[in-house]
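The chains referred to below are lettered A, B, ... by the order of the sequence lines, with proteins before strands, and numbering in each begins at 1. Everything numeric here is computed off the predicted structure, so don't read it as measured data.
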There are 2 protein chains.
Amino acid sequence: MSMTHTHSRFNSTLTSQCQNCSLSALCLPIALADEDINRLDQIIERKKPLKKGEFLFRQGEAFDSVYAVRSGTLKTFNITSFGEEQITGFYCPSELVGLSGIDSNTYPVSAKALETTTVCEIPFSHLEELSSQIPSLKHQLFKVMSRKISDDQQMMVLLGKKNADEKVASFLLNLSNRFKKRGYSASSFRLSMSRGEIGNYLGLAVETVSRVITRFQKSELIHVDGKEIEIVDFPEMQKLVGVASDCGKISHI
Amino acid sequence: MSMTHTHSRFNSTLTSQCQNCSLSALCLPIALADEDINRLDQIIERKKPLKKGEFLFRQGEAFDSVYAVRSGTLKTFNITSFGEEQITGFYCPSELVGLSGIDSNTYPVSAKALETTTVCEIPFSHLEELSSQIPSLKHQLFKVMSRKISDDQQMMVLLGKKNADEKVASFLLNLSNRFKKRGYSASSFRLSMSRGEIGNYLGLAVETVSRVITRFQKSELIHVDGKEIEIVDFPEMQKLVGVASDCGKISHI
DNA sequence: GGTCTTTTCTGACGCAGATCAATAATTATC
DNA sequence: GATAATTATTGATCTGCGTCAGAAAAGACC
């Protein structure tokens, strides 16, 4: 299946797709000219869906593309020298996966689907080339990477300084923010990851995650039904996380 | 003091400076043409030294430059909503500080000198512009940012999964690697940060850092004299960190 | 050189969260 | 839809590391 074929087949929906997908972060904020949007669209390859548990790429494989999540969720993780999995991130629709592979030309993590997931593949060499011709695209790329760096640093603060309650609250509010940003409900959503995966990510035991969630439920901070989460008391949750008056900046995981 | 003046004053030493400083990471691996090196040099401003405790920039200030450390050490940190300092990184000579400011056009962290420190200021707009003209420079920039992302993710693993011994061992070996990479001794170096700062960074109490270091000393893994550290038993230290056969990749903090 | 301040070290103690264990609830498989 | 496998919950116990406290050492400042 050639790229142009792929492109033409999806062409009619591309513009609307890009509105709230991968490229919203990459191009929309900078109002690319129509012509530029087209050029960007042309290098993007829509891939067939990944089923739950399938790999998008594996740690150690040659890096050649970054991927934008269109629907579903991915986790990235690496395997420590003791053979345990360490999750380094969850990726929701519109987010870019794989940026950490640029440096070594090899993915330093594996990426796996947590549910049925579709992605757009963006061959990095093409993207880089195109970014030379479209300065605002290049700038957006720098911004996306810079944002990732500061988000990861917030995550380091979380892991280093926060207790179990604060970690879980931060995690839930962070997800809430990410859903909200792309037009979904901020208060009510479904966790695509297991309690075990949350614990792994937050540096907590499964049992602790489960206990904290139960406790939050009992204190009427949230309402839980399996993987369905409803955040009931935002102010109290934010107090837990330590959000000052400026809610925006701090709660990024 | 104009930029060109600054430039001409230091001109004779520039090439050799760049060999093992900031730009080694940025340009040397890609063998820029002489002409390109010159163009890069021209946008770089050597700043006068910072004394211990002075700020390079503060959280919230407008972002306009990234900085390459020439000598000395910096720490970056942010102030949590509870008023405590959280250190997010230490920066040794040749490393770039400030990349996390690109996204929001504001530094999300403060940077402070741990000792007398000199830096090269690289106005980001100039760098970005120049990177359009020199593709290999742009690629290096992407690489540096990508590397930062994967390093930070290793740090997340450390904070989330490792115990006190493993954290301190990782920290020391990471410093060792960084010194080695720029031609200093890998086994013997001076810590420019206090035990408190190490603990803050690693998510440990000062007392714990002190105890671990004492214990390492007693077990003949390292030799300590105040801030002077000598790593005596590399194999055993690496075993602690969980380095497999491939030492290179894992021990980046 | 002497005083003051900060940093480092060491011990005693307590607690948050890990681990172990067993049951209950979901989800996957045929 | 029955059975197996995975995931979630809950309780009991244990422990690594934080906290508190005090002394020693190292720097800073006049």
Side-chain angles (χ1 to χ4, degrees), chain A residues 51-54 73 75 82 84-87 112-116 158-172 190-219 222-229 240, chain B residues 51-54 75 80 82 84-87 112-116 158-172 190-219 222-229 240:
Chain A
K51 284 197 289 266
K52 178 175 176 168
E54 286 182 340
T73 323
K75 67 174 172 184
F82 306 114
E84 22 163 27
E85 173 176 320
Q86 166 66 44
I87 297 174
K112 199 181 215 179
L114 294 181
E115 56 192 324
T116 303
L158 178 143
L159 288 169
K161 286 267 176 304
K162 298 191 175 179
N163 64 26
D165 284 12
E166 293 165 347
K167 284 180 178 180
V168 174
S170 299
F171 179 73
L172 293 176
R190 166 167 240 280
L191 298 174
S192 47
M193 64 294 287
S194 70
R195 304 286 194 266
E197 285 165 330
I198 295 173
N200 182 304
Y201 180 59
L202 296 178
L204 296 173
V206 206
E207 296 93 327
T208 305
V209 175
S210 182
R211 275 186 259 264
V212 170
I213 288 180
T214 304
R215 192 146 17 90
F216 281 180
Q217 157 112 285
K218 279 183 184 149
S219 337
I222 63 179
H223 187 263
V224 189
D225 176 21
K227 309 215 149 191
E228 295 293 336
I229 297 282
L240 258 178
Chain B
K51 284 197 289 266
K52 178 173 177 171
E54 286 182 340
K75 66 173 172 185
T80 71
F82 306 114
E84 22 162 26
E85 172 177 321
Q86 166 65 44
I87 298 174
K112 199 181 214 179
L114 294 181
E115 57 192 323
T116 303
L158 178 144
L159 288 169
K161 285 270 176 303
K162 298 191 176 182
N163 65 25
D165 283 12
E166 293 164 347
K167 284 180 179 180
V168 174
S170 298
F171 178 72
L172 294 177
R190 167 168 240 280
L191 299 174
S192 46
M193 64 293 288
S194 70
R195 306 285 195 265
E197 285 165 329
I198 296 173
N200 182 302
Y201 180 59
L202 296 178
L204 295 172
V206 204
E207 297 93 326
T208 305
V209 174
S210 182
R211 275 187 260 264
V212 171
I213 288 181
T214 303
R215 192 147 15 91
F216 281 1
Q217 157 112 286
K218 280 184 184 149
S219 338
I222 63 179
H223 187 264
V224 189
D225 176 21
K227 308 215 151 191
E228 295 294 336
I229 297 283
L240 259 177

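In the set D/dT10, C/dT10, D/dG18, C/dT10 carries the atom at the smallest distance from any side-chain atom of B/Glu207. With D/dC17, D/dT10, C/dG17 as the candidates, the nucleotide lying closest to the side chain of A/Thr214 is D/dT10. Nearest nucleotide to the A/Arg190 side chain, out of C/dT27, D/dC20, D/dA28: C/dT27.
With rounding to whole Å, B/Lys51 atom NZ is found 18 Å from D/dG27 atom C1'. The interatomic distance linking A/Ile229 (CD1) with D/dA8 (C1') rounds to 13 Å, in whole Å. B/Arg215 places its CZ atom 13 Å from the C1' atom of C/dT10, with the value rounded to the nearest Å. Residue B/Asn200 contributes atom CG, which lies 18 Å from atom P of C/dT6 at whole-angstrom precision. Regarding A/Asp225, its CG atom lies at a distance of 13 Å from the P atom of C/dA25, rounded to whole Å.
Between B/Lys112 and B/Glu54, every side-chain heavy-atom pair lies at or beyond the 4.5 Å cut-off.
Nucleotides of DNA chain C nearest to A/Leu204 and B/Val209 differ in position, and the one nearer the 5' end is that of B/Val209.
With hydrogens and angles ignored, a donor-acceptor pair under 3.5 angstrom links the side chain of A/Arg211 to the base of D/dG11.
Under a 3.5 Å cut-off, the side chain of B/Asn200 and the backbone N or O of B/Glu85 do form a donor-acceptor pair.
For A/Ser194, no side-chain nitrogen or oxygen approaches OP1 or OP2 of D/dT7 to under 4.0 Å. OP1 or OP2 of C/dC9 has at least one side-chain nitrogen or oxygen of B/Arg195 nearer than 4.0 Å. For A/Lys227, no side-chain nitrogen or oxygen approaches OP1 or OP2 of C/dT27 to under 4.0 Å. An OP1 or OP2 oxygen of C/dT7 is reached within less than 4.0 angstrom by no side-chain nitrogen or oxygen of B/Ser210.
Side-chain contact of A/Ser170 with A/Lys162: a donor-acceptor pair under 3.5 Å is present, judged by distance alone.
For the pairing with B/Arg195, the side chain to side chain contact (heavy atoms under 4.5 Å, CB included) check across B/Val212, B/Thr208, B/Val206 returns one residue only, B/Val206.
For A/Lys227, the NZ atom counts as densely surrounded, since its 6.0 Å shell holds more than 12 non-hydrogen atoms of other residues, nucleotides or ligands.
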